[in-house]
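Below is one structure, written out as structure tokens; the observations come after it.
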There are 2 protein chains.
Amino acid sequence: MSGPKIVRMTTPTLRDVAQLAGVHPATASRALNPQTRPLVNAETARKVLRAAESIGYQPNPIARSLKTARSATVGLVIPDLTNPLFPPIVRGIEDVLTTAGYNAWIVNTDNDPGREERQVESLRSRQVEGLIVATARRDHPLLLRLHRQGVRLVLVNRRVDGLELPSVTADDDAGIAMAVAHLASLGHTKIAHLAGPQQTSTGVSRARAFRHALLDQGLADDPRLTVECGYWSEAEGAQALRRLLDSGAEFTAIVAGNDLIALGCYDVFAERGMTCPDDMSVVGFNEMPFLDKMRPPLTTVAIPHYEIGVEAARLLLDTIEEPDRHPRSVLLAPSLVVRASTAPPR
Amino acid sequence: MSGPKIVRMTTPTLRDVAQLAGVHPATASRALNPQTRPLVNAETARKVLRAAESIGYQPNPIARSLKTARSATVGLVIPDLTNPLFPPIVRGIEDVLTTAGYNAWIVNTDNDPGREERQVESLRSRQVEGLIVATARRDHPLLLRLHRQGVRLVLVNRRVDGLELPSVTADDDAGIAMAVAHLASLGHTKIAHLAGPQQTSTGVSRARAFRHALLDQGLADDPRLTVECGYWSEAEGAQALRRLLDSGAEFTAIVAGNDLIALGCYDVFAERGMTCPDDMSVVGFNEMPFLDKMRPPLTTVAIPHYEIGVEAARLLLDTIEEPDRHPRSVLLAPSLVVRASTAPPR
DNA sequence: GCCGAGGCCGCAATCGTTTGCGATGCAAGG
DNA sequence: CCTTGCATCGCAAACGATTGCGGCCTCGGC
């Protein structure tokens, strides 16, 4: 005759497995943790493992975090998940983190410093062990302060001035050089640049790269042909192009700071009855999804999004494990994908 | 002359504010928590508040979670963040959650049940107070089990058979009806349906709606004209269309299960030298971003992504606050946005 | 046979909060 | 004056894990 069935109301805890294995919770803890397992007898370790297995014990990460002040999670600070650039990067990050036993907290800042500060604070109070930041501006007091406080940081797609932080970015110089070389080889001589925000390192480095590339191609650098966008967005790209067109400047091709800015140009073309690439060539940057199905398919410089995420996560894990190693940065090679938004000038 | 500067090495804790305010930590705790504040003298409460303010005290959510078994966070289970359908929904969810003081954990399952189970387990061990699930299949043992265990669930875009769970979905019937009515009004009589996976409620409900809509338009329902896609993806959409074309069936328009499937059709058109909408009209579903810039711009039925997220979060908060209220579901009205992928048949 | 050295394990403190319960003080009521 | 009640607050035990420290036991060396 079997006794009354004991219904377990609560999830099994370390004490439960210890009791079942006939040992002290401390011993059970040591047995369960591969790091400390050598400290206990192999036989009792087996007993503990078996007990844990049998009742389906899962360590409580909250209690563990409280005691150890670690959390096996890192924070992901991005401006807006809605930007199609980020999801693949996030996937890359998550994939290497999870194989390392880490998890990621994602927060959106909407480019709002106040919101960013609150979000970061919330991440820190959850004991994240590091931050991967995609919102860096060249002058970024918050990041400076965090760095001084010893928070491990890795930047993606961006740098901050005067701060040696590990970062992973695409090689903007190479990418832009390919873009203008392509345009020049098609016969364009008057090329405009719709630059990204100059508060971001990416914005200035691409703008610089643009000027250098013009020189390399033996083309004149007309400062009136580069105009700055306030954000990396379609709307700002459109606005910038309107200003440029209205200024009366002459040009036959555009290298846009990124794909969204390039797509903003499409809107202006439609407004003004221009056709691309007949009236105007455009090349973007980033190779966001679905560009191949656009009208016209956008020529762009492709960057390895997923690998950017992968490298960023690796860098962060490295700095967690080796805190005082010299900050390493990785530069990923872009490639030009030529589609139908570029053609010889008429 | 000022004394030596005391450098605070550790973040301020409740004991610190209690000490500073000259009270016991318990009292400080009660004073800080609006729920329990009436239990302490108004004057001492003020003292505590001021002390907390002065040293920048932030409660430690980890310790709080450990004690209360709550966490002020909910889990978001989605198949793949890379699918552009989800980011806006996620934003909607996050926005209402954060104003309610909650946070969201996002996990990807890649449609892999094993991975899903592990991810959900990890969420539960972090004491999430509920789950918003976008990966539901009609037959979903995991969700059944979770529901039986009392986990608060709300479904987004999906239902599960035989389970009364709160859910928020677009009105598939209405959306599909609009799509085929549009096609019929253009003069199409042979309309095909590239259905989504029939393991998902959305897949079957759109397929059913398609047949009903044909009837309503007085059109014949030829079962050979609907073929099922294994996933909601471009590749599967393309594959399905190839099969349909190869079968020799005749049709002049396609209602795709969603936008990705519709875009998959574009690839096949290119392969086979067909042009859209001249040779074939297509309408999608979901209104994912950038469809207006596609070649051709895709006619689709738009659903309010952000609001779906908002409603889902509200539903979940409701079930958290009123656990045994009858499950409520919300159906959001879609709208047809007509672009250039649909035209009269030749 | 005794001593020292490890190996193995238990004790108890600790992480930062929350919360049931009891102690205290004071005012009101009998 | 004594009881009762209430408002206020402190005590201490949790929550579930980790970990320094020390105790016990065994074994080997002398």
Side-chain angles (χ1 to χ4, degrees), chain A residues 8-49 51-52 55-73 101 122 124-127 129, chain B residues 8-49 51-52 55-73 101 122 124-127 129:
Chain A
R8 167 163 300 290
M9 297 303 293
T10 163
T11 70
T13 163
L14 185 60
R15 312 170 64 92
D16 296 333
V17 351
Q19 191 170 346
L20 188 57
V23 299
H24 192 271
T27 309
S29 172
R30 283 187 268 255
L32 260 359
N33 187 336
Q35 298 280 326
T36 52
R37 190 165 307 154
L39 295 178
V40 326
N41 181 296
E43 173 57 28
T44 56
R46 246 197 311 279
K47 268 194 314 194
V48 172
L49 270 295
I55 61 176
Y57 169 73
Q58 292 292 120
N60 181 330
I62 307 224
R64 190 198 300 252
S65 289
L66 180 58
K67 175 61 182 171
T68 63
R70 271 173 286 115
S71 62
T73 86
S122 132
R124 293 192 65 190
S125 70
R126 289 194 159 73
Q127 315 269 36
E129 302 187 31
Chain B
R8 166 163 301 288
M9 297 303 293
T10 163
T11 69
T13 163
L14 185 60
R15 312 172 63 93
D16 297 331
V17 351
Q19 190 168 347
L20 187 58
V23 299
H24 192 271
T27 308
S29 171
R30 284 187 267 256
L32 260 358
N33 187 335
Q35 296 281 326
T36 52
R37 189 166 306 153
L39 295 178
V40 326
N41 182 296
E43 173 58 28
T44 55
R46 245 197 313 280
K47 268 194 314 194
V48 171
L49 271 294
I55 60 176
Y57 169 73
Q58 292 292 122
N60 180 330
I62 307 227
R64 192 198 298 254
S65 288
L66 180 59
K67 177 62 183 167
T68 63
R70 269 173 287 116
S71 63
T73 88
S122 134
R124 294 193 64 190
S125 70
R126 290 193 159 74
Q127 315 269 37
E129 302 187 30

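Convention: sequence-line order gives letters A, B, ...; per-chain numbering from 1.
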With a 4.0 Å cutoff (strictly under), does any side-chain N or O of A:Thr27 reach OP1 or OP2 of C:dG10? yes
Base, sugar-phosphate or nothing for B:Thr44? Non-hydrogen atoms, less than 4.0 Å. sugar-phosphate
In this structure, how many angstroms lie between the C1' atom of C:dG7 and the CD atom of A:Glu43, rounded? 16 Å
Nearest-Å distance for atom pair CZ/P, residues A:Arg126 and C:dT17: 14 Å
How close do B:Pro25 and B:Leu14 get, counting heavy atoms only, and between which atoms? O-CD2, 3.7 Å
Rounded off to whole Å, could you give me the CD-to-P distance for the B:Gln19 and C:dG16 pair? 14 Å
Atom-pair distance (CG on B:Asn41; P on D:dG10), nearest Å: 11 Å
Short side-chain N/O contact from B:Ser29 to OP1 or OP2 of C:dT18, under 4.0 Å: yes
Please state how far atom OH in A:Tyr57 lies from atom C1' in D:dT18, giving the value in whole angstrom units. 10 Å
Reckon B:Pro59 touches a base, only the sugar-phosphate, or nothing at all at heavy-atom distances under 4.0 Å? sugar-phosphate
Distance from A:Ile62 atom CD1 to B:Lys67 atom NZ, nearest 0.5 Å? 14.0 Å
Might you point out which heavy atoms bring A:Ser71 and A:Ser65 nearest each other, and give the distance in Å? CA-OG, 3.4 Å
Tell me: CZ of A:Arg64 to C1' of C:dT14, nearest whole Å? 16 Å
Please give me the minimum heavy-atom distance between B:Ala51 and B:Ala21, naming the atom from each residue. CB-CB, 4.0 Å
Just how far, in rounded Å, is P of C:dC9 from CG of A:Leu39? 10 Å
Nearest atoms (heavy-atom pairs only) where B:His24 meets B:Ala18: C-CB, 3.8 Å
Any heavy-atom pair between the side chains of A:Arg126 and B:Asn60 that's under 4.5 Å? no
Is there a side-chain contact between A:Ser125 and B:Gln58 in this structure, where contact means two heavy atoms from C-beta onward sitting under 4.5 Å apart? no
With a 4.5 Å limit on heavy-atom distance, are the side chains of B:Leu32 and B:Tyr57 in contact? yes
Counting only side-chain nitrogens and oxygens, does A:Thr13 get under 4.0 Å of the OP1 or OP2 atom of D:dA17? yes
Shorter than 3.5 Å, N or O on both sides, protein versus nucleotides 21-27 of chain C: list them out with atom names.
none

Do A:Val23 and A:Val48 make a side-chain contact, defined as non-hydrogen atoms from C-beta onward lying under 4.5 Å apart? yes
Provide, to the nearest angstrom, the distance between the CG atom belonging to B:Leu32 and the C1' atom belonging to C:dT19. 15 Å
Nucleotide N/O of nucleotides 12-15 of chain D paired with protein N/O under 3.5 Å:
| residue | atom | partner | partner atom | Å |
| --- | --- | --- | --- | --- |
| D:dA14 | N3 | B:Lys67 | NZ | 3.1 |
| D:dC15 | O2 | B:Lys67 | N | 3.4 |

Which nucleotide in the list C:dG16, C:dT18, C:dC9 gets nearest to the side chain of A:Val40? C:dC9
